[in-house]
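Heads up, the thing below is written out as structure tokens.
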Amino acid sequence: MRHLKFFPVLFLSILTVFSSCEKDEEKVETETSENLEQLGILGQWKLETRTINGITDLSIQCCDYIIFKPDSEPDNLKGEFTASGVGYETNGVFELNPSNSIINFDYDNSQKSYEFQISDNLTTFTYEDNNQEIIEDWRKEE
């Protein structure tokens with residue numbers, strides 16, 4: 001009979017643990033519900049302007065493109081990209097971190113992190129290269 005006194009306490013403890021786990025799972029699912037399509041990064045983008053240390057590069061920006069595609073798991077924030085222009089083509093993978101506004105590129109044994117901002121059909125990348133601040137505006141093509 002003595003052991004039966006602890007049974008309700010044990011039952012309530014187990015019930016509390018299971019119910020709190022369900023809430024944590026729901027919270028994680030809500031936090032990761034953003035995907036690449038919702039963030040607007042997918043598609044083909046054309047380089048519109050490049051600024052180096054506050055000075056706009058006046059060379060013709062005719063042929064630099066980047067294409068962002070989802071990977072095999074469409075509900076994550078990772079994907080594949082192809083960047084191309086006169087004399088180059090680069091393929092790799094990327095991952096967005098929207099809470100920190102960072103996009104990480106991984107290609108040809110290199111890893112680079114850029115700050116990004118997406119608004120309407122314009123994406124801005126900000127990064128440093130050889131101690132120079134570079135800001136690039138990329139326009140989405142339909």
Note to self: Please find the pair of heavy atoms, one from Phe105 and one from Ile66, that lie closest to each other, and give the distance.
What the structure shows: CE2-CD1, 4.1 Å
Notebook entry, point to check: Do Thr123 and Gln117 touch side chain to side chain, with heavy atoms closer than 4.5 Å?
Noted result: no
Next item on the list: Report yes or no: do Ile135 and Phe125 belong to one cluster of Ile/Leu/Val/Met/Phe/Trp/Tyr joined by side chain heavy-atom distances under 4.5 Å?
Entry: no
Next item on the list: Check ring pair (Phe, Tyr, Trp, His ring centres under 6.0 Å) between Phe94 and all other residues, then give those that pass, not counting sequence neighbours.
Entry: Phe68
Notebook entry, point to check: Quick one: does Glu73's side chain get under 4.5 Å of Asn76's, heavy atoms only?
Noted result: yes
Next item on the list: State, with a plain yes or no, whether a side-chain heavy atom of Leu39 is found less than 4.5 Å away from one of Leu77.
Entry: yes
Margin query: Side-chain heavy atoms nearer than 4.5 Å, only ILVMFWY residues, links allowed to pass through others: does that put Ile102 and Tyr107 together?
Written below: no
Next item on the list: Could you pull out all residues at least two apart from Tyr65 that satisfy ring pair (Phe, Tyr, Trp, His ring centres under 6.0 Å)?
Entry: none
Checklist line | Distance-only donor-acceptor check, side chains Glu136 and Tyr127, under 3.5 Å | finding: yes
Notebook entry, point to check: Measuring from Glu128:CD to Glu115:CD, what's the distance to the nearest 0.5 Å?
Noted result: 9.5 Å
Check: Taking Lys140 for the side chain and Leu42 for the main chain, is one N or O donor matched with an acceptor at less than 3.5 Å?
Finding: yes
Item checked: Spacing of Asp108 atom CG and Thr90 atom OG1 [to the nearest 0.5 Å] -> 5.5 Å
Next item on the list: Using a 4.5 Å cut-off on heavy atoms from C-beta on, say whether the side chain of Tyr114 contacts that of Ile134.
Entry: no
Check: How long is the span from the OG1 atom in Thr124 to the CD1 atom in Ile118, to the nearest 0.5 Å?
Finding: 9.5 Å
Notebook entry, point to check: Nearest 0.5 Å, what's the CD1-NZ distance between Ile67 and Lys46?
Noted result: 13.5 Å
Margin query: Working to the nearest 0.5 angstrom, can you tell me the gap between Glu95 CD and Lys78 NZ?
Written below: 4.5 Å
Notebook entry, point to check: side-chain hydrogen bond (donor to acceptor under 3.5 Å, both in side chains) with Trp45: which residues, sequence neighbours excluded?
Noted result: none
Item checked: Heavy atoms of other groups near Asn53 CG, more than 12 under 6.0 Å -> yes
Notebook entry, point to check: Leu36 and Leu122: same hydrophobic cluster, using ILVMFWY side-chain contacts below 4.5 Å?
Noted result: no
Note to self: Using the rule given for side chain to side chain contact (heavy atoms under 4.5 Å, CB included), can you reason through Thr126 versus Glu133, listing the C-alpha separation, both sets of side-chain angles and the distance that settles it, and then say yes or no?
What the structure shows: CA-CA 7 Å; Thr126 304; Glu133 181 186 55; 3.9 Å; yes
Checklist line | Interatomic spacing from CH2 in Trp138 to CZ in Arg50 - rounded to 0.5 Å | finding: 7.0 Å
Note to self: Check for me, please, whether Val93 and Ile41 land in the same ILVMFWY cluster - side-chain distances under 4.5 Å, paths through other members count.
What the structure shows: no
Notebook entry, point to check: Has the side chain of Asn35 got a donor or acceptor atom that lies under 3.5 Å from a matching backbone atom of Glu37?
Noted result: yes
Notebook entry, point to check: What closest approach, in Å, do Glu48 and Arg139 show between heavy atoms, and which atom pair accounts for it?
Noted result: OE2-NE, 3.0 Å
